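Take a look at the structure set out below.
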Amino acid sequence: MAEPYDAQAIEKKWQQRWQEEGTYEVDNDDPRPPFYVLCMYPYPSGPAHMGHVRNYTFGDLIVRHKTMHGHGVLSPIGFDSFGLPAENAAIKTGVHPRKFTDERIAELTKSLKGIGAAYDWRRQVNSHDPEYMRFTQTIFLKFREAGLAYRANAPVNWCPGCHTVLANEQVLANGTCERSGDVVQKKDLEQWFFKITDYAQELLDDLDQLDWPDRVKTMQRNWIGRSEGAEFEMRIQGSDDPEHKIKVFTTRPDTSFGMTYAVLAPEHPLALQITTKDQYVEVERFIAQARLTSDIDRMSSEGALDKRGVFTGAYAVNPFTDEPVPVYLADYVLMTYGTGAIMAVPGQDQRDWDFAKAYDLPIVRTVQPPPDWPADGEAYTGDGPAINSRWLDGLEVAEAKAKAIEWLEAEAIGVRKVNYRLRDWLLSRQRFWGCPIPIVYCPTHGAVPVPESQLPVLAPDDVEFRPTGESPLKFHEGFRNTTCPICGGPAERETDTMDTFVDSSWYFLRFCDPDNKLEPFGHDAVERWMPVDQYIGGIEHAILHLMYARFFMKALGDVGLAPKHLREPFKRLFTQGMIRMGGTKMSKSKGNLVAPSKYLDTTGADALRLFHLFVGPPADDVDWNDQTDEVIEGCARFLKRVWRLAHEPPPAQDAYEIDRAAHRLIARVSDDYERWSYNTAVAALMEFTNLLYKEGATPFAVDTLLLLLAPMTPHIAAEVWEQRHDGAHVHAQPWPVADPAMLKVESTTMIVQVNGKVRDRLEVPPTISADEAERLALASAKVQEQLAGATPKKVIARPPKLVNLVL
RNA sequence: GCCCGGGUGGCGAAAUUGGCAAACGCGGGGCACUUAAAAUGCCCUGUCCCGAAAGGGACCUGCGGGUUCGAACCCCGCCCUGGGCACCA
C-alpha cells in the first residue's frame, strides 16, 4: 500500500522549494527566448478571494506551460497599493495607511503563495514604494514638460460622499459615484489633466492590431466615440460684432437645409451676449437653474422638455438658405462636446423633433422617408434621397454629406471635422494615500516643477486623519510650506495626489527593470520584455485601466522615456469571467466573498485550481452554488486517482495501444492549451486516467499524464515526478510532443445516413475512397432494410466520415 | 433607445466551427468490497412510446420560418437573459 496523497504536506513542500530555489526568477540576460506573462497587479484588500484564485491560476498555468516550452518567462507581481480603503481605514481607526496597506499586502502575498502561483518576487513593485513614486513623479513632470499634463479650471465631478473629484469614468450613467453611490455634483476647481485626447485617433486605430477580446475593443471604440462631420459658422442676424458667430458641429451636414432652429449649451459663452433685452431675465434664470441642476437630473431624458430650453430672442442665419432661425438654449446640448452649439434639424433627429414639438417650431424633412413612414410619425434617420434641399436634392445621404462639406469648405464657412467623445484625463485627487503631484506654487513663478534631485515628494507621516474628507496634506504646514525652486521665496506645495490609475499605467514597465535607480526603466530592459505577451485580468478594467495604460505607452515613447516604436503595452489580453453568487458579482461590498483557505486546508490548492480550470470556459462567469463544493471534491478525487495510478499502476494489457493513446492525448491537450480550452483539456486527462484504470498503464502513459498536468496542478505533478525520476523537476522538463507515427489510425467510424438519419456505423480505413464508401454503405444490412428495395436518388459520400443516401 | 455576448439533460458543460447531440464532471440509481458505514472500484442515468426481455422506434439544442443531402452551428423574424454605452448633435 502506497502512502496516501497528502495535499497539504506536498503543497507546502513545493511552495518552499520554488521559493528557495528561485525556480521562476528570470534575469534580463536569460538566454531563453523571452515571454512576458502578467496578471493585473491586485489592489491589496486582504487575503485572496476566489476571483484572485481564478485570475492567478490562469496566469500561473501559462507561466509554467511557456517555461516547459523553453521560454524564459517573466512573471512578476506587485500591488496597486494606493487607494481609498486604506485612507478610510485610517480615518476610522487612526492606523496609518502605510501600515494598514503593508499588512494587507502580507496577507495577500501569503494566499498567492498558498495557491502555488510562481513569481519572480525579486521584482515586486508596489505603487507606494518611494522608489516607484519617484519615477511616477518623474513621468508626470516629463509629461508636463511635453505639454501632456496641464492645469485647468474646470467644472469637475465632485462626490459629496468621498469629498473628492472623480474622473468622468468614475461617474456612473445615472450620475452617481461608482464608489459611494452619492449623486455627483459640479464644482469648479483648478485640476491637473493628462492630454489623452491628443491620442484619440491613435488609440482608436491601434486597437485593430491587438489580439484582444472583441468585446473589450468594442467598448474602447465606443468610449473614444469618434464621429465624422462638419463644423461651420453662422452669423447672428442684425449683429455686426465679428465675435457673434455661432459655430456648430454636425454629423449630418446633408440635412442643413432642414435646420429650423439652433441651440446653445447653457454654459455657452455667447449665450447672454446674443440674448435680446426682452428675453434677458428669462435666459439668465435658465442659465442659473442649469448650473444648479445636478447631472443626474440634467442627463435624464425623462424631464419635461418645455422646462429644458429657452428662447434667446436672437436669430442665426443658416448659411445654406440665408434664412434666419431662432436661437435657443437647452440643457440637452453639452458644452463639453463639439462646439457646445448645434443646428437643429427636427426632421432627421429625434431629440430635435421632440424639442420642436414642445416649442412649436417648424419641421422640414430633408431626407425622403420610405413610403410606409407615418406622415407625422417622427424623425427619420435612415437613408434616402435628399428633398427640400435645393442643390442636394436627389442625392443619397453619403453623397449629400460629401457635397455639403465641399460647399462649406469652398465658401470658407466651415470645414470637415472629426469629434471624439473621449475627454482629457483628470488626475488630481484631494486625497492623502496617493502619489503626491510634484509641483510647487510660487506667487511669482506660478506652478513650478519640483527639481528631479528632490524627488520623490513624499507625504509626511505625522498627519492627522480627520473625517472632514479633505486631504490631511492640506493642513500640514510643514509639508505645504516650502520654497520656490526658482527664486527661493516662500511657496506652497500642491497638496493633491494622483489618481491611482496613474500608478497602474506603467507598473508593467517597471517590472522589466525594477532596480533601476536612475530612470523609471531602461530602454534595453523594456525592449527585451515588452510588449506583454499575455495580459490577464478582469473585464471590469476593459475601459479605464486598459485605455490609460495604452495612452501611457504612447506618451512615454513620445517624451523619450520609452522606445518610441513601442506603441502598445499588451499584445494579447485575456479577460476571465467573474465569480457570481446568486446572480450577482462576488465582492467585498456585497459580503458574499468565498475565501479559498477553506479549500486549501482540505482538498488542497491543486484541486481548487483544477476546479477553476474545469468548471467551464475561462472567459465565462462562474456561478458559485450549492453544487460547487461537490465539484471541487470531484477534482480532488481525480487527483487521488492520478496519485494511486502512479504508485500502483495496473499492468497494461496492450502497452503499444496505451502508448498510442498517450500520444493522442498529448496532441489533444496541447491543442487545448493553445486555445485556452482548459476545461476540455481536464476532461481529456480524466478520460485518459479512466482508460488507464481500465486497460492498465505504461510508464510513458503515467509520465505523459504528469507532464500535461504540471501547469495545472503543479504540486502533485512535481511530487510524483520527483519520486519517479530520481529527484528531477517536472517543470524543468520539455513539453511533450506527440509522435505523428503513433497518431496514425488503421480504422475510423463512418456513419451511414438514409435521408440524413443515422442508420449504421461502419469501421473503415481512413483512406477509403468515395466509391468504396458508397459500396459499403449500400451493402449494410440495416441500410438495405431502410431502403426496402428502392434505389437512392442521390448519394453524398464524404469519406471517411459519412455517407448519406437520399431517397 | 443603441452596441456587444449568451440561451444545449436535474446541474456545470462538450461537440476544434455544416456531418454520430450530450464527451468529462456533479447529482441520482444499482452492484462489489465491509459486521456496518465511510472510502474505493465497476455498471446504468435526455424525454416519450412498443416489448416480459433481448431489443426496437419516435422526438430532442429558447420560439417560428428559411437555406442545405444534412443545421446546436449559416440566414430572417421573435422571446428571454447578462454586460457596455446612453441627450455626444
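Chain naming here is simple, since letters A, B, ... match the order of the sequence lines and numbering starts at 1 in each. The shown structure was predicted, so the numbers you read here are calculated from the model rather than taken from an experiment.
By the 6.0 Å and 45° rule, R580(A) does not stack over the aromatic ring of W624(A).
R761(A) contributes a side-chain N or O that forms a donor-acceptor pair with the base of rC20(B) under 3.5 Å. Taking 3.5 Å as the limit, the base of rG19(B) and the side chain of Q753(A) contain a donor-acceptor pair of atoms between them. Residue N222(A) places no side-chain atom within donor-acceptor reach of the base of rC85(B), judged by atom type and a 3.5 Å distance cut-off alone.
S227(A) comes within contact range of the sugar-phosphate backbone alone, with a heavy-atom separation under 4.0 Å but no base atom that close. Backbone-only engagement by N679(A) is indicated by non-hydrogen atom pairs under 4.0 Å involving sugar-phosphate atoms exclusively. Within 4.0 Å (heavy atoms only), Q627(A) reaches at least one base atom of the nucleic acid. Among the atoms of the strands shown, only primed sugar atoms or phosphate atoms (P, OP1, OP2) are found under 4.0 Å from some heavy atom of N690(A). Using a 4.0 Å heavy-atom cutoff across all strands shown, R759(A) reaches sugar-phosphate atoms only and no base atom. Here G225(A) lies out of heavy-atom contact (under 4.0 Å) with every strand.
The shortest distance between the side-chain N/O atoms of R644(A) and the OP1/OP2 oxygens of rG41(B) is below 4.0 Å. For K782(A), no side-chain nitrogen or oxygen approaches OP1 or OP2 of rG55(B) to under 4.0 Å. When the side-chain nitrogen and oxygen atoms of R421(A) are compared with OP1 and OP2 of rA89(B), none of them lie within a distance under 4.0 Å. A sub-4.0 Å separation between OP1 or OP2 of rA39(B) and a side-chain N or O of R637(A) is absent. Residue K801(A) has no polar side-chain atom (N or O) positioned under 4.0 Å from OP1 or OP2 of rG19(B). Under 4.0 angstrom from either OP1 or OP2 of rA89(B) there lies at least one side-chain N or O belonging to Y337(A). Taking 4.0 angstrom as the limit, K757(A) places a side-chain polar atom (N or O) nearer than this to OP1 or OP2 of rC59(B). Contact annotation: T680(A) does not reach the phosphate of rC24(B) (side-chain N/O to OP1 or OP2, under 4.0 Å). Taking side-chain N and O atoms only, R641(A) has a distance below 4.0 Å to OP1 or OP2 of rC42(B).
Put simply, the side chain of N804(A) never gets that close to the backbone of A797(A): no donor and acceptor are under 3.5 Å apart. Side chain of T680(A) to backbone of S677(A): a donor-acceptor contact under 3.5 angstrom is found.
Regarding L805(A), its CG atom lies at a distance of 16 Å from the P atom of rC20(B), rounded to whole Å. Rounded to an integer number of Å, the gap from CZ of R226(A) to P of rC3(B) is 20 Å. Taking atom OH of Y678(A) as the reference point, atom P of rA13(B) lies 18 Å away to the nearest angstrom. The nearest whole Å value for the distance from the CZ atom in R215(A) to the C1' atom in rC3(B) is 13 Å. Summarising the geometry, the separation between CD1 on I342(A) and P on rA89(B) is reported as 11 Å, rounded to the nearest angstrom. In this structure, K217(A) places its NZ atom 15 Å from P of rC4(B), rounding to the nearest Å. Distance, Q220(A) CD to rC3(B) P: 20 Å, rounded to whole Å. Regarding D620(A), its CG atom lies at a distance of 7 Å from the P atom of rA14(B), rounded to whole Å.
Spacing between rA72(B) and rC78(B) at atom P, rounded to whole Å, works out to 23 Å. rC24(B) and rG77(B): their P atoms are spaced 39 Å apart (whole Å). Separating the C1' atom of rC74(B) from that of rU61(B) is a span of 16 Å, rounded to the nearest Å. Between the C1' atoms of rC75(B) and rU68(B), the separation comes to 12 Å (whole Å). Between rG6(B) and rG30(B), the distance separating the two C1' atoms is 38 Å to the nearest Å. Look at the C1' atom in both rU47(B) and rG10(B): the space between them is 13 Å, to the nearest Å. Spacing of C1' atoms, rG84(B) relative to rC26(B), comes out at 33 Å, to the nearest Å. Nucleotides rG28(B) and rA36(B) are separated by 23 Å at their C1' atoms, to the nearest Å.
Of the candidates rA89(B), rC24(B), rG27(B), the closest approach to any side-chain atom of E630(A) belongs to rG27(B). Closest to the side chain of V615(A), from the set rG12(B), rC42(B), rC69(B), is rG12(B). The side chain of F614(A) sits closest to rG25(B) out of rG25(B), rG84(B), rA15(B). The side chain of P617(A) lies closest to rA13(B), out of rA13(B), rC69(B), rC24(B). Distances were taken from every side-chain heavy atom of V806(A) (C-beta onward) to each of rA23(B), rG84(B), rC69(B); the shortest belongs to rC69(B). Listed candidates were rG27(B), rC85(B), rA89(B). Nearest to the side chain of T250(A) is rA89(B).
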Given side chain to side chain donor-acceptor pair (under 3.5 Å), test R423(A) with T336(A) step by step and report yes or no.
CA-CA 8 Å; R423(A) 308 291 154 82; T336(A) 47; 3.1 Å; yes

Would you check, one step at a time, whether the test salt bridge (Lys or Arg N to Asp or Glu O under 4.0 Å) holds for D211(A) with K217(A)?
CA-CA 9 Å; D211(A) 186 4; K217(A) 292 207 257 188; over 6 Å; no

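For R775(A) and E772(A), the salt-bridge test passes: some basic side-chain N is under 4.0 Å from an acidic carboxylate O. R221(A) and D208(A) are joined by a salt bridge, as a carboxylate oxygen and a charged side-chain nitrogen come within less than 4.0 angstrom of each other. With salt bridges taken as basic N to acidic carboxylate O contacts below 4.0 Å, none links E630(A) and R637(A).
With sequence neighbours excluded, the residues satisfying ring-ring contact (aromatic ring centres under 6.0 Å, His included) with Y5(A) are W643(A).
Comparing M343(A) and T218(A) by the nucleotide of RNA chain B whose heavy atom lies nearest to each, the residue mapping closer to the 5' end is T218(A). Each of D352(A) and M219(A) lies near RNA chain B, and the nucleotide nearest M219(A) is the one positioned closer to the 5' end.
In this structure, L61(A) and Y673(A) have side chains that are in contact, with non-hydrogen atoms separated by less than 4.5 Å.
The strand RNA chain B forms stems, runs of 3 or more Watson-Crick or G-U wobble pairs with distances below 3.5 Å, at B:1-7 with B:79-85, B:10-12 with B:24-26, B:27-32 with B:40-45, B:46-50 with B:55-59, B:62-66 with B:74-78.
A distance below 6.0 Å separates the ring centres of F320(A) and F232(A).
Base orientation of rU17(B): syn, since the glycosidic angle falls within 90° of 0.
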